[in-house]
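One structure below.
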2 protein chains.
Amino acid sequence: MFSIGELSKRTKVKVPTIRYYEEMGLLVEAERTSGNQRRYDKAGLERLSFIRHARDLGFSIEAIASLIELQDHPDRSCEAATDIAVAQLADVRAKIKRLKLLEKELARISKSCDGQGVSEDCYVLASLADHELCHREH
Amino acid sequence: MFSIGELSKRTKVKVPTIRYYEEMGLLVEAERTSGNQRRYDKAGLERLSFIRHARDLGFSIEAIASLIELQDHPDRSCEAATDIAVAQLADVRAKIKRLKLLEKELARISKSCDGQGVSEDCYVLASLADHELCHREH
DNA sequence: TGTAATGTCTCTAGTGACTAGAGATTCAAG
DNA sequence: CTTGAATCTCTAGTCACTAGAGACATTACA
């Protein structure tokens, strides 16, 4: 049995965030000492590691709640869990696509002032002001 | 001179968002009719277009405020504006990098349940529970 | 000119996923 | 037994909006 601070150290999840997860129902309410402090065991540690890993992968709290729900009721869990992961993957791919377009435009905008040829009016500002200067949609 | 709704239509920025930008100081306070409604002209339209374009490119409100500040004081603006754009570009590239790692892992996790070989325990959940199963850091 | 529909006003509160801080209590070490 | 660190609950703040209530203004049409 260890304290919330210890759990925080082991999982690298900040203390207030752990309490927040408990409030959101991702973690079951922890046992308490006589002095009302939370105490955790291996099960608590594992669940929090699961949550942290999923958060690192960009799953929303809601999606994680669904995954935990599935863990607790393992019938059919594999298909449903895969659905959630696939949706997450699609989301990530969409974000990558969009960011790549932005990268292209930002690279173009940034580069134009890069060399010695400092022009009178700022190309960065002009580019932002006038969408027509973009080479692509976004 | 046109109304906030008209401005919204032309810039595709929602009406409450326009008011929010005004409150945040990105837009100067609009002129008002005798009945207290906001009226805009070409200058207002251009500034809002600028803001929208920058937001689309992921610039924060704060960064946009800096850019606008530079617009209003054009001495040295080009260098400073370029700095902001370059920082934004670095940010976008970092995000892309991270998302690509996530994509790789999510793809691996998602695929494992894909075919006919449905295993007893769910690989998605196991992967999330056990970071050791990851092939890379993230 | 009257009236109805639509637009606009301000204000407050909610979103997601935390983070920060106040003030009180509890724990662990010396 | 005392000190200092950790923990407790609670409220409020972050970012960039979005939603809704209730009141007032404008516009279109008869």
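A, B, ... follow the sequence lines: proteins, then strands. Residue 1 opens every chain.
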Between [atom2] of [N] and [atom1] of [X], the distance in whole Å:
| X | N | atom1 | atom2 | value |
| --- | --- | --- | --- | --- |
| B:E22 | C:dT8 | CD | C1' | 13 Å |
| A:R39 | C:dT26 | CZ | P | 13 Å |
| A:F2 | D:dA6 | CZ | P | 17 Å |
| B:L7 | C:dG7 | CG | P | 15 Å |
| B:E31 | C:dT8 | CD | P | 16 Å |
| B:E23 | D:dC17 | CD | P | 13 Å |
| A:E6 | D:dA5 | CD | P | 18 Å |
| B:R52 | D:dA16 | CZ | P | 16 Å |

Residue B:S34, side-chain atoms from C-beta onward, closest of C:dC27, C:dT10, D:dT26 | D:dT26

Could you work out which one of D:dT9, D:dT26, C:dT10 sits closest to the side chain of A:N36?
->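 Nearest to the side-chain atoms of A:N36, counting from C-beta on, is D:dT9.
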
May I ask you to evaluate whether [X] reaches the phosphate of [N], defined as a side-chain N or O under 4.0 Å from OP1 or OP2?
| X | N | answer |
| --- | --- | --- |
| B:R32 | C:dT10 | yes |
| A:R38 | D:dT7 | no |
| A:S3 | D:dT7 | yes |

Quick check: are there more than 12 heavy atoms from other residues, nucleotides or ligands sitting under 6.0 Å from CD of B:E6?
-> yes

Working to the nearest 0.5 Å, report the span between [atom1] of [X] and [atom2] of [Y].
| X | Y | atom1 | atom2 | result |
| --- | --- | --- | --- | --- |
| A:M1 | A:L7 | CE | CG | 11.5 Å |
| A:R55 | A:T17 | CZ | OG1 | 10.0 Å |
| A:I4 | A:R19 | CD1 | CZ | 5.0 Å |

Non-hydrogen side-chain atoms of B:R38 and B:E29 separated by less than 4.5 Å =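 In short, these two side chains do not touch, never coming nearer than 4.5 Å.
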
So do the side chains of B:L125 and A:F50 get within less than 4.5 Å of each other, counting heavy atoms only?
-> yes

When every nucleotide of nucleotides 14-25 of chain C is labelled 5' to 3' by its protein contacts under 4.0 Å (heavy atoms), B for base, S for sugar-phosphate only, - for none, what sequence of letters results?
-> ---BBS------

Are the side chain of A:S8 and the backbone N or O of A:V13 linked by a donor-acceptor pair below 3.5 Å?
-> yes

